[in-house]
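Shown next, in structure tokens, is the structure this report addresses.
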Amino acid sequence: MDDFFDLVYQVVRQIPPGRVSSYGAIARYLGSGKSARTVGWAMNASHHVQPPVPAHRVVNRNGMLSGQHHFEGPGAMEALLNAEGISVVDHCVVGFNELFWDPSVELML
DNA sequence: ATGCTGACGTCGC
DNA sequence: CGCGACGCCAGCA
């Protein structure tokens, strides 16, 4: 399990509750800042991955819930975020800048 | 085996 | 400042 996907899953699972991250940040942390699309693709497969990956904490660089439609249903992602104390308005994370969790910073070792 | 698409991001005009 | 095109990796037709 050393595929690019698993790498993404591991990073996403490190995201603390009430925090959010972006595809580009994760992609860049993995070394390929231009492979943000692949990160999203990994999220697509994260549904049948265990332990479950908090993909709802991963949004685009604008803090927009771009992948909400890919969840169980519309609003599911928002509901999960709300359950963690994150306010979502117009599919956008409120205070995304403060809630932003950058692996290259938080996990900078 | 080749080509297109996809939950993004950055650069160029 | 707004819009368009390209790049990237993996899965599927």
Side-chain angles (χ1 to χ4, degrees):
Chain A
M1 289 299 208
D2 293 304
D3 297 325
F4 192 88
F5 280 40
D6 293 294
L7 271 287
V8 176
Y9 302 148
Q10 306 250 353
V11 175
V12 174
R13 281 187 298 220
Q14 301 316 299
I15 302 175
R19 283 285 221 265
V20 291
S21 187
S22 66
Y23 304 94
I26 297 168
R28 188 163 62 178
Y29 172 70
L30 295 176
S32 304
K34 295 169 187 165
S35 52
R37 305 183 71 171
T38 316
V39 177
W41 196 244
M43 299 282 89
N44 186 16
S46 68
H47 278 280
H48 59 81
V49 174
Q50 52 183 240
V53 179
H56 58 274
R57 292 180 193 156
V58 183
V59 296
N60 63 6
R61 94 107 196 147
N62 287 314
M64 200 177 293
L65 280 56
S66 47
Q68 59 143 312
H69 182 73
H70 289 258
F71 268 78
E72 298 180 18
M77 193 173 182
E78 183 178 327
L80 288 165
L81 291 170
N82 267 276
E84 298 192 354
I86 300 175
S87 301
V88 178
V89 177
D90 191 40
H91 298 167
C92 292
V93 177
V94 178
F96 171 72
N97 187 30
E98 296 181 26
L99 298 173
F100 183 61
W101 184 85
D102 193 334
S104 67
V105 175
E106 306 297 331
L107 295 179
M108 71 166 159
L109 304 170

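Below, each value reflects all heavy atoms present in this structure, side chains not excepted, and no hydrogens, waters or symmetry copies. For clarity, every value in this text was computed on a predicted model and none was experimentally measured. Sequence lines set the chain letters: A, B, ... in the order given, protein chains first and strands last, and positions in each chain run from 1.
For the pair M43(A)/H70(A), no side-chain contact is recorded, criterion being any heavy-atom separation below 4.5 Å from C-beta on. Within the 4.5 Å cutoff, side-chain heavy atoms of H56(A) are placed close to those of E84(A).
Taking a heavy-atom distance under 4.0 Å as the criterion, the stretch of DNA chain C touched by chain A extends 5' to 3' from dG7(C) to dG11(C).
The two residues A45(A) and F5(A) make their nearest non-hydrogen contact at CB-CE2, 3.9 Å. In terms of heavy-atom proximity, R13(A) sits nearest to P54(A) at CG-CD, 4.0 Å. Between W101(A) and R19(A) the shortest heavy-atom distance is CB-CB, 4.0 Å. The minimum heavy-atom distance linking V94(A) with L99(A) is given by the pair O-CD1, 3.5 Å. Here the closest non-hydrogen pair linking M64(A) and V59(A) is O-CB, 3.4 Å.
Within the 3.5 Å criterion, the main-chain N or O of N62(A) finds a donor-acceptor partner in the side chain of N60(A). No donor-acceptor distance shorter than 3.5 angstrom exists from the side chain of S46(A) to the backbone of V49(A), with no hydrogens or angles considered.
Scanning residues 85-92 of chain A for heavy-atom distances under 4.0 Å to DNA chain B yields an empty list.
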5' to 3', nucleotides 6-13 of chain B under a 4.0 Å protein heavy-atom cut-off (B base, S sugar-phosphate only, - none) gives BBBS----

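Each of I15(A), L65(A), V58(A), L81(A) was compared with V20(A) under the side chain to side chain contact (heavy atoms under 4.5 Å, CB included) criterion, and only L81(A) meets it.
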